[in-house]
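One structure is given below, encoded as structure tokens.
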Amino acid sequence: MDNHDTFQQRIWQIIAAIPYGKVTTYGDVARLAGSPRAARQVGGVLKRLPADTTLPWYRVINRMGEISLTGNDLERQRRALLNEGIEVSPAGKIVLNSYRWQG
DNA sequence: AAACTGACTGTTA
DNA sequence: GTAACAGCCAGTT
């Protein structure tokens with residue numbers, strides 16, 4: 001990670017490093033990117049990812065241990081997590097937090 | 001260049 | 001445990 005990388009580039013790199021079957025929070029990603037107060041911006045970056053991205057964007061959840069997306073998007077993310085063996089309630093709450101990754 | 005927008009979070013009650 | 005509030009700051013207009 002270099003300082004001349006854009007914030008967006010650093011976020012991409014960090015998210016690419018989240019292991020299969022693990023999740024992390026917007027705040028943790030922001031901290032790893034060197035901007036501890038930029039959690040909200042992490043969401044902003046993810047929102048604007050291309051639809052065909054290979055980045056595991058769905059492994060990023062909020063600090064309450066739940067999916068921040070709503071409606072159909074919530075369902076898409078939930079399915080992606082379930083597919084990796086992560087238990088998620090229908091409302092989007094991750095059942096266990098032993099899946100947490102911190103880099 | 002300035003205003004607006006939030007896939008957020010820490011604090012407070 | 002929850003809810004309201006106020007900062008937060010990169011990206012977009």
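Quick note: numbers below take in every heavy atom, side chains included, and nothing from hydrogens, waters or symmetry partners. A note on names: the letters A, B, ... follow the listed sequences, proteins ahead of strands, and every chain is numbered from 1.
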- Task: Taking only the side-chain heavy atoms of Thr25(A) (C-beta and beyond), determine which of dA7(B), dT9(B), dG10(B) contains the nearest atom.
- Result: dT9(B)
- Is a side-chain N or O of Lys22(A) found less than 3.5 angstrom from the main chain of Gln102(A), in a donor-acceptor match? no
- Item | d(CZ, Arg37(A); P, dG11(C)) in whole Å | 19 Å
- Of the candidate nucleotides dA7(B), dT9(B), dG11(C), which contains the atom at the shortest distance from the side chain of Trp57(A)? dA7(B)
- Query: Given side chains that start at C-beta, do those of Pro19(A) and Arg59(A) come closer than 4.5 Å, heavy atoms only?
  - Reply: no
- Query: Donor-acceptor pair under 3.5 Å: do we get one between Arg40(A)'s side chain and the base of dG7(C)?
  - Reply: yes
- Message: Testing Ile11(A), Ile15(A), Ile14(A), Thr24(A) one by one against Leu32(A) for a side chain to side chain contact (heavy atoms under 4.5 Å, CB included), which residue passes?
- Response: Ile14(A)
- Task: Would you name the heavy atoms of Tyr58(A) and Glu84(A) that are closest together and state the gap between them?
- Result: OH-OE2, 2.8 Å
- Item | Interatomic distance where CG belongs to Asn62(A) and P belongs to dA3(C) [whole Å] | 14 Å
- Message: Just the rounded figure in Å: distance from C1' of dC9(C) to OH of Tyr26(A).
- Response: 17 Å
- Side-chain contact check for Gln8(A): nearest option of dT11(B), dG11(C), dA7(B) is dG11(C)
- Item | Per Gln77(A) side chain, nearest of listed nucleotides dA7(B), dG10(B), dG11(C) | dA7(B)
- Quiz item: Gln41(A) side-chain donor-acceptor pair to dG6(B) base, under 3.5 Å: yes
- Checking dA7(B), dT9(B), dC9(C) against the side chain of Ala38(A) (C-beta onward), the nearest is dC9(C)
- Task: By nearest nucleotide on DNA chain B, pick out whichever of Gly44(A) and Arg63(A) is the more 5' one.
- Result: Gly44(A)
- Message: Which nucleotide, if any, forms a Watson-Crick or G-U wobble pair with dA7(B), using both distances under 3.5 Å?
- Response: none
